[in-house]
Student: 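Below is the structure I would like to discuss, written out as structure tokens.
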Amino acid sequence: QVQLVESGGGLVQAGGSLRLSCAASGRTFRGHTMGWFRQAPGNEREFVASIRWSGGTTDYADSVKGRFTISRDNAKNTVYLQMYSLKPEDTAVYFCAVGWVLGSPTSPERYEYWGQGTQVTVSS
């Protein structure tokens, strides 16, 4: 049983930082892609960042490029999203996901498993 558990969300002032964690279990993730997505009320789930489990190739949404960093610790089966210079528009539920992604990693339909989400709220 694949499980993804996000943690690290919370309330932060604009300009602040948070680090989200996604603990993955249930199988080996070699050859897979881990992604972070976010969803605000009334919006569709949007791509934030992704990383290849093996090799470490990363991709970022333009809206977070230069502010967010995705990384992984293969020994801990954990993926991180370090967020700096947070803005109110970053407020959303953040989800991690894993899949055998071919082509662009930005589409949520290309991921097989999802965590429950963690709330990030950025105040002005």
Side-chain angles (χ1 to χ4, degrees):
Q1 179 67 41
V2 172
Q3 290 186 315
L4 304 175
V5 180
E6 303 98 331
S7 61
L11 175 65
V12 65
Q13 294 280 341
S17 302
L18 286 173
R19 189 174 79 157
L20 307 183
S21 299
C22 175
S25 63
R27 64 170 297 168
T28 177
F29 297 99
R30 288 174 293 179
H32 286 67
T33 297
M34 297 291 298
W36 284 99
F37 293 79
R38 65 189 184 187
Q39 188 167 21
N43 292 349
E44 295 185 350
R45 196 162 295 187
E46 297 180 328
F47 172 77
V48 176
S50 68
I51 188 167
R52 299 287 181 179
W53 195 255
S54 301
T57 300
T58 59
D59 289 278
Y60 295 93
D62 288 343
S63 60
V64 307
K65 195 171 297 181
R67 298 189 298 121
F68 293 8
T69 301
I70 188 171
S71 62
R72 84 266 192 261
D73 186 333
N74 290 29
K76 296 181 179 180
N77 262 18
T78 300
V79 176
Y80 304 96
L81 185 68
Q82 179 66 59
M83 305 184 293
Y84 298 106
S85 301
L86 283 162
K87 306 174 181 179
E89 51 263 44
D90 295 318
T91 296
V93 177
Y94 283 70
F95 299 88
C96 68
V98 63
W100 192 280
V101 178
L102 301 178
S104 173
T106 65
S107 175
E109 288 76 17
R110 301 190 181 199
Y111 294 79
E112 303 170 43
Y113 304 101
W114 294 81
Q116 83 289 348
T118 185
Q119 177 71 45
V120 171
T121 302
V122 184
S123 62
S124 300

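Below, each value reflects all heavy atoms present in this structure, side chains not excepted, and no hydrogens, waters or symmetry copies.
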Student: Name all residues meeting the side chain to side chain donor-acceptor pair (under 3.5 Å) criterion together with S25; count only those two or more places apart in sequence or in a different chain, and write none if there are none.
Tutor: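 Per chain and number, S25 pairs via side chain to side chain donor-acceptor pair (under 3.5 Å) with no residue.
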Student: Does a donor on one side chain sit under 3.5 Å from an acceptor on the other, for S85 and R67?
Tutor: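 Absent: no donor and acceptor within the cut-off.
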Student: Looking at every non-hydrogen atom in both residues, tell me the closest pair between L18 and L86 and how far apart they are.
Tutor: N-CD1, 3.9 Å
Student: Would you check if the side chain of E46 reaches a backbone N or O of R38 as a donor-acceptor pair within less than 3.5 Å?
Tutor: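 No: the side chain of E46 does not pair with the backbone of R38.
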Student: State plainly whether one hydrophobic cluster holds both W36 and Y80, where clusters connect Ile, Leu, Val, Met, Phe, Trp and Tyr through side-chain heavy atoms under 4.5 angstrom apart.
Tutor: no
Student: Has the side chain of S17 got a donor or acceptor atom that lies under 3.5 Å from a matching backbone atom of Y84?
Tutor: no
Student: Going from CG on D90 to OG on S63, what distance comes out if it is rounded to the nearest 0.5 angstrom?
Tutor: 7.0 Å
Student: Ignoring hydrogens and geometry, is there a side-chain-to-backbone donor-acceptor pair from E6 to L20 under 3.5 Å?
Tutor: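 No, E6 side chain to L20 backbone: no donor-acceptor pair under 3.5 Å.
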Student: Are the ring centres of H32 and W100 closer than 6.0 Å?
Tutor: yes
Student: Salt-bridge test for K65 and D62: reply yes if a basic N is under 4.0 Å from a carboxylate O, no otherwise.
Tutor: yes
Student: So which heavy atom on S124 is nearest to which on A14, and how close?
Tutor: CA-CB, 4.4 Å
Student: Kindly say whether K76 contributes a backbone atom to a donor-acceptor pair with the side chain of T78 at under 3.5 angstrom?
Tutor: yes
Student: Pick one: which of F47, F95, Y94 meets ring-ring contact (aromatic ring centres under 6.0 Å, His included) with F37?
Tutor: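 Looking at F47, F95, Y94, the match for F37 under the ring-ring contact (aromatic ring centres under 6.0 Å, His included) is F47.
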Student: Taking G31's backbone N and O only, do any of them form a donor-acceptor pair with R52's side chain (distance below 3.5 Å, no angle check)?
Tutor: no
Student: Determine yes or no for a side-chain-to-main-chain donor-acceptor pair under 3.5 angstrom, with Q82 supplying the side chain and T69 the backbone.
Tutor: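 It does not hold such a pair.
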Student: Is a side-chain N or O of N74 found less than 3.5 angstrom from the main chain of W53, in a donor-acceptor match?
Tutor: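 Yes; at least one donor-acceptor contact below 3.5 Å.
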Student: Step by step, would you call Q119 with T91 a side chain to side chain contact (heavy atoms under 4.5 Å, CB included)?
Tutor: CA-CA 8 Å; Q119 177 71 45; T91 296; 4.0 Å; yes
Student: Is V12 reachable from F68 through a run of I, L, V, M, F, W or Y residues, each pair having side-chain heavy atoms under 4.5 Å apart?
Tutor: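 Yes; V12 is reachable from F68 via cluster members.
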Student: Indicate yes or no: at least one non-hydrogen side-chain atom of Q116 is less than 4.5 angstrom from one of V5.
Tutor: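 Answer yes - side chains close enough.
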Student: Rounded to the nearest 0.5 Å, what separates atom SG in C96 from atom CE in M34?
Tutor: 5.0 Å
Student: Closer than 3.5 angstrom, by distance alone: can the side chain of R72 be matched with the main-chain N or O of I51 as a donor-acceptor pair?
Tutor: no
Student: State, to 0.1 Å, how close P105 and D59 come at their nearest heavy-atom pair, and which atoms those are.
Tutor: CG-OD2, 3.5 Å
Student: Among all residues two or more places apart in sequence or in another chain, which pass the side chain to side chain donor-acceptor pair (under 3.5 Å) test with E89?
Tutor: none
Student: In terms of hydrophobic clustering (I, L, V, M, F, W, Y; side-chain heavy atoms under 4.5 Å; direct or indirect links), are V93 and W114 co-clustered?
Tutor: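 Same cluster: V93 reaches W114 through Ile, Leu, Val, Met, Phe, Trp or Tyr contacts under 4.5 Å.
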Student: Does V48 belong to the same Ile/Leu/Val/Met/Phe/Trp/Tyr cluster as V101, with side-chain heavy atoms less than 4.5 Å apart forming each link?
Tutor: no
Student: Taking A24's backbone N and O only, do any of them form a donor-acceptor pair with Y113's side chain (distance below 3.5 Å, no angle check)?
Tutor: no
Student: Sequence neighbours left out, what passes side chain to side chain donor-acceptor pair (under 3.5 Å) with Y111? Give chain and number order.
Tutor: none
Student: Taking all non-hydrogen atoms of both residues, which atom of C22 and which atom of L4 are closest, and how far apart?
Tutor: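 Shortest heavy-atom contact: SG-CB, 4.0 Å.
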